[in-house]
Amino acid sequence: MRLSTLLAPTLREDPNDAEIDSHRLMLRAGLVRKLAGASGIYTLLPLGQRVVAHVEAIIREEMDSIGGQELRLPVVQPAELWEASGRWSVYGEDMWRLHDRHGRAYCLGPTHEEVITDLVAHEIHSWRQLPLLLYQIQTKYRDEVRPRFGLMRAREFIMKDGYSFHASEEDLERTYADVVGAYRRIFSRVGLEYRTVLADPGAIGGSQTHEFMAPADAGEAEIVSCAECDYAADIEEAEVAPRSRSEASVPMAIGRIATPNARTIEEVAEHLSTEPGSIAKLLLVRLLFADGRTECVAVLLAGDATLNENKLLAVAGAISLRPVTVQEAERLHLPLGFLGPVDLPPGIALYADPEVAEGGPWVVGANVEGYHLNNVWGGRDFVPDRVLPLRRAQAGDRCPQCGGRLSAQRGIEVGHVFRLGTKYSCVLGANFLDQEGQTRPMTMGCYGIGVTRTVAAVIEQHHDRDGIIWPASVAPYHAVLLPVGTGSFGSRAQQVAEELSVQLAKRGISAVIDDRDERPGVKFKDADLLGFPVRITLGKALEHESAELRLRKDGIVQMVPLTAVADVVSAQIQEATAVPIA
RNA sequence: CGGGGCGUAGCGCAGUUUGGCAGCGCGCGUGCCUUGGGCGCACGAGGUCGCCGGUUCAAAUCCGGCCGCCCCGACCA
């Protein structure tokens, strides 16, 4: 391929609407373009398409290796199908809905559980035909509340979705494990550093699920992971244990101290020359329940902890919560900024995290403007109505599995595997006859990988100031041949580039020739920006019948005789592609 | 949906406060020059100033309405 004819419009300057590195670099390197007037909808240009194709090829290989069968499912799906599963109303605004000329309602598939279950319900009838693992790699549509970060959260995106059907839970477990194994190989091969984390099954239902998270600052999810064992979890899901804390052996008497203008934990800690961790904070929140009822509760946490809102909602059975308003607090005669668990007005339930439920001494608000209490002891000075772990996990917490230290990081969710059970098979009639002749619903699993998001994640993890640094396995081309020089010297360089391109192709190495009539500096800059793993410069070294090979990832340069270039590059690419499976 | 920012040449931006010839850099075209890290010189093409309406002798600029994009939040199999 010649760069002079390739549609790869590189940009010298950063686009103004790209915030994160992957989005910025995908635009600058000419991999994608946003469709004007359509937030979250992108064209994949030739280089971007090649990268996506490489990621898809790796996914196909690994899914096929565990017995997966690829198929292609309709994008346009009738409302009836979604009404049958009950999700037409549940899915909400994220679903892209449309009508045909007869006024019948359809949607653009945001996912394909309904369609595939319907297919299997019609075609599979016997235990002898199970298990079945089907998958698709297709464009999906979600009218995201807020598309952002380029391909990271787009409204039209490519996803690999796999669905499995089983005669039993045990059989599902086998396939589930197979898929997790395949995912490990896929993400390792595309060059991602990733963590497998425990996550919330969310609205799709089912038991414990695993997310595959690629650590990156631009990630939208927060995870905690242990350095000493394999424990990792979404920060909202992570188990938290009370932290150890030194207690005074002899409880002293409670005391009242003036803390004028010290409202926040930081201000109180500074005023009293103590640590936030020795203060207990009381949050007043209003819970909203499904039946419209609301309730005001108080939550007591250590001063350096954060409330895990999901856990509070779960234990209280509420659907949402918000802090109380200033007016609500005034009505209760509670001064915001000086709240404490001692002598709360009746009618407000006190929920306490185990860390602060018993013992002391704690500094807490006095429920009087301008005052706090010290030497407060849980159990003596206040008694919680409920003691529940409501603290959000944070860096430095003990690992619930091995006791090691947890660290927190941001991550990009690139894959998610679920056990669906019989949620969809029951309502959509995906039943089979078992060996006893009994009709039973199939047990299902589903397994997603965000393909375009994975490409974004790879760039987030593999770039530098100059541009993208593609892993060889997904690079749009393995190498760039860069002839420089003028006159007859230049034509010789061009000719050598053509020859090497052919030699490389014979070894399965793809290369582009930068034959553009540009100054060397421009070619070098673009080569770095585009991120090809190997750069082969045909210039000065030609006088010694050699080429200059440079690896994008470390900048290491070596001079190689022309006759050996193809073999050396081939070896370099093979080495780079043979990644250990994490 | 709440908050904030933006919309002027293909891209990045100035001009808007205080109404008065539509500008700069990059890119693009032509010629000369240069040729190992985004050369230099000269000439040139390129605009419905997001859209609609209003005020005014005169609107990119002031007023009203609408649309789109980006960021934060809420939200998110």
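To find a chain, count down the sequence lines: A is the first, B the second, and so on, and within it residues start at 1. Worth saying up front: this structure is predicted, and the values here are computed from it rather than measured.
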Whom does [N] pair with, Watson-Crick or G-U wobble, provided both distances fall under 3.5 Å?
{"N": "B:G53", "value": "B:C63"}
{"N": "B:U48", "value": "none"}
{"N": "B:A42", "value": "B:U30"}

Just checking, any donor-acceptor pair under 3.5 angstrom between side chains of [X] and [Y]?
{"X": "A:D161", "Y": "A:H112", "answer": "no"}
{"X": "A:Y176", "Y": "A:H166", "answer": "no"}
{"X": "A:E156", "Y": "A:T139", "answer": "no"}

**Asked** With a 4.5 Å limit on heavy-atom distance, are the side chains of A:I116 and A:Y424 in contact?
**Response** no
When you compare [N] with [M], how far apart are their [atom1] atoms, in angstrom units rounded to a whole number?
{"N": "B:C51", "M": "B:U61", "atom1": "P", "result": "10 Å"}
{"N": "B:G44", "M": "B:G4", "atom1": "C1'", "result": "42 Å"}
{"N": "B:G15", "M": "B:C57", "atom1": "C1'", "result": "23 Å"}

**Asked** To the nearest Å, how far apart are A:M95 CE and B:C76 P?
**Response** 16 Å
**Item:** Separation of atom CZ in A:R153 from atom P in B:C71, rounded to whole Å
**Value:** 12 Å
With a 4.0 Å cut-off on heavy atoms, is [X] in touch with a base, just the backbone sugar-phosphate, or nothing at all?
{"X": "A:K34", "answer": "sugar-phosphate"}
{"X": "A:T486", "answer": "base"}
{"X": "A:F149", "answer": "sugar-phosphate"}
{"X": "A:D161", "answer": "base"}

**Prompt:** Which residue lies toward the 5' end of RNA chain B, A:G150 or A:N16, if each is placed at its nearest nucleotide?
**Reply:** A:N16
OP1, OP2 of [N] versus side-chain N and O of [X]: anything below 4.0 Å?
{"X": "A:T209", "N": "B:A77", "result": "no"}
{"X": "A:R146", "N": "B:C76", "result": "no"}
{"X": "A:R519", "N": "B:C39", "result": "yes"}
{"X": "A:R148", "N": "B:C72", "result": "yes"}
{"X": "A:R12", "N": "B:G38", "result": "no"}

**Request:** Apply salt bridge (charged side-chain N to carboxylate O under 4.0 Å, His left out) to A:R155 and A:D143, showing your working.
**Result:** CA-CA 5 Å; A:R155 294 197 293 174; A:D143 191 3; 3.0 Å; yes
